[in-house]
Amino acid sequence: MKIIILGAPGAGKGTQATKISEKYGIVHISTGDIFRANIKGGTEIGKLAKSYIDAGKLVPDSVTCDIVKDRLTKDDVKDGYLLDGFPRSLFQAEELSKFDDIDICLNLEVDTSLIMDRICGRRMCACGESYHVSTLGGKTTCAKCGNELYVRDDDNPATVKSRLDTYNVMTAPLIAYYAAQNKLVTVVCGTKTPDEVFAAVCDALDSFGK
Ligand code: AP5
Ligand code: MG
C-alpha cells in the first residue's frame with residue numbers, strides 16, 4: 001500500500017503515521033523529519049532548509065523532490081510506504097506521479113481553531129515520539145526511551161500562522177487533485193482522541209476500494 005497523508009500543520013499526520021506504519025508494516029517517510037535530521041547533522045541541505053522551515057515556508061522543490069525520489073529507490077519501500085508531508089503542492093504531486101503511483105491519499109481534516117494549541121503544546125523526543133503538554137502530567141522525559149523532551153524550533157505562534165497560510169495556499173488544493181483521481185479518503189478528526197482517529201483511519205483504509 002502506497003499512502004500519502006495530508007493535513008494542516010498539527011492535524012496529527014505524524015501521530016497517525018506512526019500508528020499506521022506499525023499496524024500495516026509499511027515505512028513512514030516524513031520530509032519534515034528528514035529536514036530536521038539534516039539540520040541536526042549540520043549538512044548543506046539542513047543549512048538551506050532551516051531558513052525556510054523557521055519562516056514556515058516550503059523548502060525549494062529542487063531539493064525536496066530529489067530527496068523523496070532518492071528515498072523511494074531504497075529496498076525498504078518495496079512493500080509500500082506512507083509519505084508524511086510530501087507532496088505539499090500541485091507541482092510536487094505532479095513530480096511524484098512521474099516516478100511512482102500512489103494508491104491512497106489520506107486527508108486528516110481538523111478544525112483550524114485546535115491547531116495553535118496542539119502545536120504550541122507539542123513536546124518532541126529524539127526517538128520520534130511526540131506528546132502534548134496537557135497529557136504529560138508535568139513529565140519532561142519520553143515514556144518510551146527516557147530522553148529529555150524538546151520543543152521544535154518552528155512550533156511558535158508566528159511560524160505556525162505562516163505554516164497555516166502556506167498550507168492553505170499551496171497544499172489544500174491537493175484535496176481536490178486526489179479526489180479527482182478517486183484516491184482521496186478523508187477522516188474528520190473533530191475532537192476525537194488520537195486512538196479514536198486511528199480507529200476511523202483503519203476503517204477508512206480497510207474499506208477503501210471495496
Ligand atoms: P512537517 O514536519 O511536516 O510539519 P507540519 O506539516 O507543519 O506538521 P506537524 O509535524 O507540525 O504536525 P502533524 O500533522 O505531524 O501533527 P502531530 O501528529 O505532530 O514540516 C515542517 C516544515 O518542513 C514545513 O513547514 C516545511 O518548511 C518543511 N517541509 C516539510 N515537507 C516539505 C515539502 N514536501 N516541501 C517543502 N517543504 C517541506 O500532532 C501535533 C500535536 O497534536 C502533538 O502534540 C500531538 O500529540 C497532538 N495530537 C495529535 N493528534 C491529536 C488528537 N487527535 N487530539 C489531540 N491532540 C492530538
Ligand atoms: Mg509531523
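Residue numbers start at 1 and run along the sequence shown. Order of appearance sets the numbers: ligands from 1, and atoms from 1 within every ligand.
- Classification of Asp153 and Arg36 as a salt-bridged pair fails, no side-chain N sitting under 4.0 Å from a carboxylate O.
- For the residue pair Thr159/Asp154, the side-chain donor-acceptor check at 3.5 Å is not satisfied.
- Residue pairs meeting the side chain to side chain donor-acceptor pair (under 3.5 Å) criterion with at least one partner in residues 199-209, sequence neighbours excluded, are Tyr24-Asp206.
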Could you go through residues 58-70 and list every donor-acceptor pair under 3.5 Å that involves a side-chain atom there, pairing it with any protein atom two or more places apart or in another chain?
residue, atom, partner, partner atom, Å
Asp61, OD1, Gln92, NE2, 2.9
Thr64, OG1, Val59, O, 3.3
Thr64, OG1, Pro60, O, 3.1

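- Every protein residue with a heavy atom nearer than 4.0 Å to ligand 1 is included here: Ala8, Pro9, Gly10, Ala11, Gly12, Lys13, Gly14, Thr15, Thr31, Gly32, Phe35, Arg36, Ile53, Lys57, Leu58, Val59, Thr64, Gly85, Phe86, Arg88, Gln92, Arg118, Arg122, Ser130, Tyr131, His132, Arg152, Asp154, Arg163, Lys192, Thr193, Pro194, Val197.
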Please output the side-chain donor-acceptor pairs of residues 178-186 that fall under 3.5 Å, not counting sequence neighbours, one pair per line with the distance.
residue, atom, partner, partner atom, Å
Lys183, NZ, Asp101, OD1, 3.2
Lys183, NZ, Ile102, O, 3.0
Thr186, OG1, Asn107, ND2, 3.2

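- Counting only N and O atoms by type, the side chains of Ser113 and Asp111 include a donor and acceptor under 3.5 Å apart.
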